[in-house]
Amino acid sequence: MSEYNHRAIEPKWRKSWKDNKTYKVTEDTNKEKFYVLDMFPYPSGAGLHVGHPLGYIASDIYARYKRAQGYNVLHPMGYDSFGLPAEQYAIQTGQHPANTTEINIDGCLDSNGNIHTKYVLENGDIIHSALIDKSLKTNIKDSNYRDNIIIGYRNQLDQIGFSFDWSREVRTSDPKYYKWTQWIFKQIFNSWYNKSTDKAENIADLVAIFEKEGNANVNAVGEETPVFSAEEWNAWDIKKQRAILMNYRLAYLADSWVNWCPALGTVLANDEVKDGVSERGGHPVEQKLMRQWSMRITAYAERLLQGLDKIDFSDSLKEQQKNWIGKSQGASVKFEVRCSMFEVEESQTPNPKPQTPNSEHKTPNQIEVFTTRPDTIFGVSFMVLAPEHPLVNLITTPEQKDAIEAYQKQASLKSERDRQSDVKNITGAFTGAYAIHPFTGNKIPVWIGDYVLASYGTGAVMAVPSGDQRDWDFATHFGIDIPNVFEGVDISKGAFAEKEGLIANSDFLNGLKVKDAIKKAIHAIEEKGIGTGKTNYRLRDAIFSRQRYWGEPFPVYYQDEIPYLIEDADLPVTLPEVDKYLPTEDGEPPLARAENWFYKAASPTGEGKGGVDSRMEFNTMPGWAGSSWYFLRYMDPHNENEFASKDKLEYWNQVDLYIGGAEHATGHLLYSRFWTKFLHDRGFISFDEPFKKLINQGMILGRSSFVYRLAKSVGATSSIEDGKKDILPMSEVPDVFVTKRFYDIRNIVLSHQNQYTKEDHEARKEYTRYCEIVNKLEDRITEKLKLKYPDKIGSVDYCYTDISPMPIHVDISLVDNDILDIEAFKSWREEYKNAEFILEDGKYICGHEVEKMSKSKYNVQTPDELVEKFGADTLRCYEMFLGPLEQFKPWDVKGINGVNNFLRKLWRLFHQGESFNVSNEVPSKEALKTLHKTIKKISEDLDRYSFNTVVSTLMIAVNELTEQKCNNQNILEGIIILLAPYAPHISEELWEKLGHTNSITQANWPTFDPAMLVEDDFEYPVSFNGKMKFKLLLPTSLNPKEVEEEVMKFEKTIQILEGKSPKKVIVVPKKIVNVVV
RNA sequence: GCUCGAGUGGUGGAAUUGGUAGACACGCAAGACUUAAAAUCUUGUGUCCACUAGGACGUGCGGGUUCAAGUCCCGCCUCGAGUACCA
């Protein structure tokens, strides 16, 4: 066996690793730990394409590298297995999502490659949940039925040779796992956020305070709650007490405006909505007021922001989180409102309450606003309220009532999306009411307008048209005053929004710089008692309910519509069986279909009694629930008493390296940081950031191939009188495909219609030539058709002159090096079997384009076929070799041969002819130099996560050793240890052949010895005025002065200087010489 | 619009702190082996001029700092990502 044969080597070692549990890891306090984690996947039936394993390969390499360095490495994998696709499929087919999820993960084939009988019907048809393409009926008698069978995520992953400790696998949909998701929910429910200690605390402590002294001194994050005394609290019944506590809980039930997606039948979190449509599926989303569970993530806004400084995430990701949190500093100010209606309407309570978590106490005759520019308060010439603002109905004068109501109605009909796309359209209505300027006493009109959002700040703004473009536009549109409060600035064309310059026309702020004016203004506002300095966040509380089936049930039941928690002993609350996975007729979530779903246990704590009046919660938790803490469960995945033991949590601690896609920037990565901080606050874990270092892998894009089809039509050339009846059917006319050159040349000719450069002339000539070929072909086709269908009317007409040839995606498997396999293409589709081709140099050249990989573009490359053809080691190296991990890059199979050649070349270093052949002689100085510079470079590269350059370095090493004809055992052993993280199978095989009985995964990373790289000579590049002219080999022992002398003596120097003497000579030892002339 | 990131041969990319631009690989071309093909090996390959020696230009564009700039600074252009009435 002298040739490298991955088909023999790779299965052998994968079996060995499995049998010997090579990658099983236990807590070993003698070793330093290292935790390498991948974002776990949602297991879809479509399986993996080459883009998916990219991050897993990188993390696997890093895990293996750290292991070789002596770390105890935790490197687990699992599945985020709750999710929409399985549920949508369940709705369509009635299949339980647990079944399809299992199929997608485990696959349908046994170890011999035969389908499990449970997926085969009596007549041999395969049940369609086992098929990748569900629309294709497939029978086990079909010769290639395996092509359409789900291989299973796990099987696909296993082929690539990852070093995951699979004994730690978790699945979020496994009741053993979600038991603890529910348990964590209970902790969050039973917690409140104490602003004084700046952390989450047990709600029982809060109850104790209420019982003792009421809530007057409680400084908590939560809904506005009227002050009550201990006596009042103690006198209330449990229902009332529970209702009050809901204002404080970190997981709370409230009526909130939510993103309702009718097509999906559920609400979505803000990060699940993109451009006004759902991220998954692109369905429209509307605002709806619903009773929902929410998580009070806003309590953590500041800590989530500050925590970013402690963690190593990319700048762009930190930036995204910062924007999402959206901190802004300024002041909140109250404006008095004068309105004759007040006396009449004052007693009425406003409703419905908008979602304004930050709003302070308001009496009905005040409008509270938030501003970041209190320095411009003298520039206020009107106020604007959001149309939904509760004050609007109270302050509107009778004369304006109709106009206001009409506007409110119009605004409420607009979806979020319409509002966004309608930014330029300025709309609003005057309420008839006036506010009083707190400093000037001027009357300022109060308007409503939908450019003010009900959900941000207080839902109202003080409009400063001179300093804010939106206010300026509004004022200009409605003819409102624009008082200028900036010194020497022209505001006739637009607002001046810069935070620079001096303030003018502003009484006590005149002549101050913006920064100073802000301070002074806040001071004055506070002194007057009309407001305070304030910080606002854009971050909203996270909606935690989903009206779906396939998610974690809440550990919650209701009595008198008050929620109570299920006892720990009764966890997990498992998903009940339902007849359909759809909402009920009255719009309740699918879980409401479950029969007799009540909490039957009597509660020992006396809160809620259980029984048939204790219905369970019908909502389920969102996708991010299970993924917010899974990295903790890997530490102790089988623990039945705790989510993970304290010791193990302490040992494994934070994730040292986390790799995954950037699409989770504001979802998963923010939520898991939030839960980690919460668990830290409540003393369950010792750290408050989950991920120390994060790398976002870039997407691998597909390289699509195109063929160009000419437009065709069938025209009637003869009349009916000729005795011919039917018109020739279009499908009988063969398609004509032109090569890429025709397409290009046509575009060139058309884009330069009136220019007659030489190139254009050439292009025209070439184009004419092509057109003639097309004409001839057309004649030939017409003749053929006439013979075949003598009694039909019509001739073919190719519209190459006025209709552009149409680029059509063609399956990349039919194209090699842009050359189309014409025969394969003809049999690809029935409609192409008679197709004709216009070639160039006898070949059909396809066009290409880089786009996202997708089935519909026929550019998907699966790892399976590459593993089959080249081996997993080649695939692993190639995916890394492609370019920097973070970068988006096109997939192109062409280069994979080069990487495969490298492994074969490496194999040959160990062999001579047919036999394995390594020597035990003392290695040459050269070979040692090659080895040690490789050790140095690879270690440095891996330390900075430069995965691609490592492959090049290994190639260089192998090239050099081949050149040196080195087959020295010591050297080659070093090289394969360095290679092992990238190509573990071949390394294990060669390691074994070198006589080792242990696994190469136990070998130590070689140590770099600088002495091996010491050189006697250095080849100095000598440049003149910075331009390199020649190289000169000089002893490294020379000092700069001596180097200069040697250079000046050298004949080429004298030649270049032409007798002139240099102004200066710069010598950087062992780097460069620069002669300045 | 705002924020962040990126622009280097025919292609993917390398150049880590300012110090030989284009490593490594693909592709292409020529040659060797072969009846032939595949595989393998050898050589060449930034552009232009000279086609030998050599010279000029060259990292999106324009300027600057420096003995020296892909790398630092200023101003633009293009592409990508995120975000968008956030007061």
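Below, chain A is the first sequence line, B the second, and so on; all start at residue 1.
- Proximity of Arg538(A) to the phosphate of rA87(B): no side-chain N or O atom is located under 4.0 Å from OP1 or OP2.
- Not one N or O on the side chain of Thr376(A) forms a donor-acceptor pair closer than 3.5 Å with the backbone of Gly379(A).
- As a whole-Å value, the separation of Asp375(A) CG from rA87(B) P is 14 Å.
- Contact annotation for Asp471(A): no contact, since no heavy-atom pair falls under 4.0 Å across all strands.
- A donor-acceptor pair under 3.5 Å is formed between the side chain of Ser1023(A) and the backbone N or O of Val1073(A).
- Remark: rC51(B) base-pairs with no nucleotide; criterion is Watson-Crick or G-U wobble with both hydrogen-bond distances under 3.5 Å.
- Formation of a donor-acceptor pair under 3.5 Å by the His664(A) side chain with backbone atoms of Gly660(A) is not found in this model.
- Note on Asn959(A): every side-chain N or O is 4.0 Å or more away from OP1 and OP2 of rA23(B).
- The nearest pair of heavy atoms linking Phe1008(A) to His932(A) is CD1-O, 3.2 Å.
- Here rC2(B) sits opposite rG82(B) as a Watson-Crick or G-U wobble pair (both hydrogen-bonding atom distances under 3.5 Å).
- The side chain of Arg470(A) contributes no N or O atom lying less than 4.0 Å from OP1 or OP2 of rG1(B).
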Annotated protein contacts, base or backbone, on nucleotides 3-22 of chain B with a non-hydrogen cut-off under 4.0 Å, one of B, S, - each:
SS-------BSSSB--BBS-
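- Lys905(A) has no side-chain polar atom (N or O) that falls below the 4.0 Å cut-off from OP1 or OP2 of rC24(B).
- rG10(B): glycosidic angle beyond 90° from 0, hence anti.
- Each of Arg470(A), His477(A), Gln469(A) was checked for a side chain to side chain donor-acceptor pair (under 3.5 Å) with Asp473(A), and the lone residue meeting it is Gln469(A).
- Ring centers of Phe382(A) and Phe478(A): at least 6.0 Å apart, outside the cut-off.
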